[in-house]
Amino acid sequence: MKRRGINLVMTALWLVMSAQALAISGYDETEFMTVDAFLSQVYGEPLPGMSLLPLRGDLRDQVETALGHRYRGLRLRYWQQGNVTTWIIDEKSKDMPMTLAVAVGPAGITYLNVLVYREPRGGEVHQAFFRQQFVGMTLQDDLSLSREVDGITGATLSVDAVSRVAAMALLLHQHVIASQAEPATG
């Protein structure tokens, strides 16, 4: 019984210290836009329903090539209306993930926004001047973007993360549209 009390005290102390360390670490979470607000910007009303895309086999390999690292998720959520898909993807910048939203249509990226940013530096990637350069980008055969991305001084890791997510969203869009165009087998 006494050991249980010590464990409870130690756990409580650890929780308080962890919360304080996180508070003074400089990692603020800044929400620039909600998922629903982004979807309304892309589709208007009514919003399409959410779908899930499992990441398996060749698709997973291609996603990991586009990102340049292993992707831990098993499936991705997306929305689709006609030939436009929207992807909400978390990607690590330096230490913490940022949440990005990318809408892709037949001519490439139509919208890109940073929904949540969690790093103390590099948050300039949410600025319109930076995000606008992705509009119209497409995916090359080698899974790179069709144009070079102008960086931001002091935000190199964040710029790279946004670029990786843009390439990933283009790849996922191509996969979904191609799979819907395949004739049903039975």
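You'll find the side chain of Ser40 reaches within 4.5 Å of the side chain of Leu47, heavy atoms only. Looking only at side-chain heavy atoms (C-beta outward), Val116 and Glu29 come within less than 4.5 Å of each other. Looking only at side-chain heavy atoms (C-beta outward), Leu53 and Val176 come within less than 4.5 Å of each other. Between Leu170 and Phe134, the closest side-chain pair of non-hydrogen atoms is not below 4.5 Å. Under the 4.5 Å side-chain criterion, counting only non-hydrogen atoms from C-beta, Val84 is in contact with Val42. In this structure, the side chains of Leu74 and Arg60 come closer than 4.5 Å at one or more pairs of heavy atoms. With contacts defined as side-chain heavy-atom distances shorter than 4.5 Å, the pair Thr86/Leu39 qualifies.
Minimum heavy-atom separation, Ser93 to Ala161: CA-CB, 4.2 Å. Taking every heavy atom of both residues into account, Gly122 and Ala155 meet most closely at CA-CB, 3.6 Å. Listed here is the closest heavy atom pair of Pro97 and Asp90: CB-CB, 4.3 Å. Across every non-hydrogen atom of Phe130 and Glu124, the tightest pair is CB-O, 4.3 Å. The shortest heavy-atom contact between Arg75 and Pro54 is CB-CA, 3.8 Å. The nearest pair of heavy atoms linking Thr110 to Gly105 is CG2-N, 4.0 Å.
Between the Thr65 side chain and the Asp61 main chain, a donor and an acceptor come within less than 3.5 Å of each other. Proximity of a side-chain donor or acceptor of Arg131 to a complementary backbone N or O of Leu112 within less than 3.5 Å is detected. Using modelled atom types, no side-chain atom of Thr85 and backbone atom of His173 make a donor-acceptor pair closer than 3.5 Å. With hydrogens and angles ignored, the 3.5 Å screen pairs a side-chain donor or acceptor of Ser146 with a backbone N or O of Thr138.
Residue Ile89 holds its CD1 atom at 5.5 Å from CG of Leu172, rounded to the nearest 0.5 Å. Of the inter-residue distances, the one linking Arg56 atom CZ with Leu59 atom CG reads 10.0 Å to the nearest 0.5 angstrom. Between the CG atom of Leu145 and the CE atom of Met137 there is a distance of 5.5 Å, given to the nearest 0.5 Å. To the nearest 0.5 Å, atoms CG (Leu115) and OG1 (Thr30) are separated by 12.5 Å. Note that CE of Met98 is 12.0 Å distant from CE of Met96, once rounded to the nearest 0.5 Å. The structure places CG of Asp160 at 13.5 Å from NZ of Lys92, a figure rounded to the nearest 0.5 Å.
When the shell of 6.0 Å around CD of Glu148 is examined, it contains 12 or fewer heavy atoms from other residues, nucleotides or ligands. For Arg121, the CZ atom sits in a loose shell: 12 or fewer heavy atoms of surrounding residues, nucleotides or ligands are nearer than 6.0 Å. Within a 6.0 Å sphere centred on CG of Asp58, heavy atoms belonging to other residues, nucleotides or ligands number 12 at most.
The hydrophobic clustering, which links ILVMFWY residues whose side-chain heavy atoms are closer than 4.5 Å, places Leu76 and Leu171 together. Both Val35 and Leu52 belong to a single network of hydrophobic side chains, linked directly or stepwise wherever heavy atoms of I, L, V, M, F, W or Y lie under 4.5 Å apart. Residue Leu143 is grouped with residue Met168 when hydrophobic side chains (ILVMFWY) are merged at heavy-atom distances under 4.5 angstrom, including chains of intermediate members. Linking ILVMFWY side-chain heavy atoms closer than 4.5 Å, directly or via other members, places Leu157 and Ile152 in two distinct hydrophobic clusters. By the criterion of side-chain heavy atoms lying less than 4.5 angstrom apart, applied directly or through intervening Ile, Leu, Val, Met, Phe, Trp or Tyr residues, Val159 is grouped together with Val165 in one hydrophobic cluster.
Ion pairing between Glu119 and Lys94 fails under the 4.0 Å rule for side-chain N and carboxylate O.
Contacts classified as ring-ring contact (aromatic ring centres under 6.0 Å, His included) and involving residues 48-93 (residues at least two apart or in different chains) are given here: Tyr78-Trp87.
There is no side-chain donor-acceptor pair under 3.5 Å between Ser51 and Gln80. Side-chain atoms of Thr99 and Arg118 include a donor-acceptor pair closer than 3.5 Å. No hydrogens or angles considered: nothing links the side chains of Asp36 and Thr34 as a donor-acceptor pair under 3.5 Å.
Ring planes of Phe38 and Tyr111: perpendicular class, angle over 60° (limits at 30 and 60°).
The aromatic ring centres of His126 and Tyr117 sit 6.0 Å or more apart.
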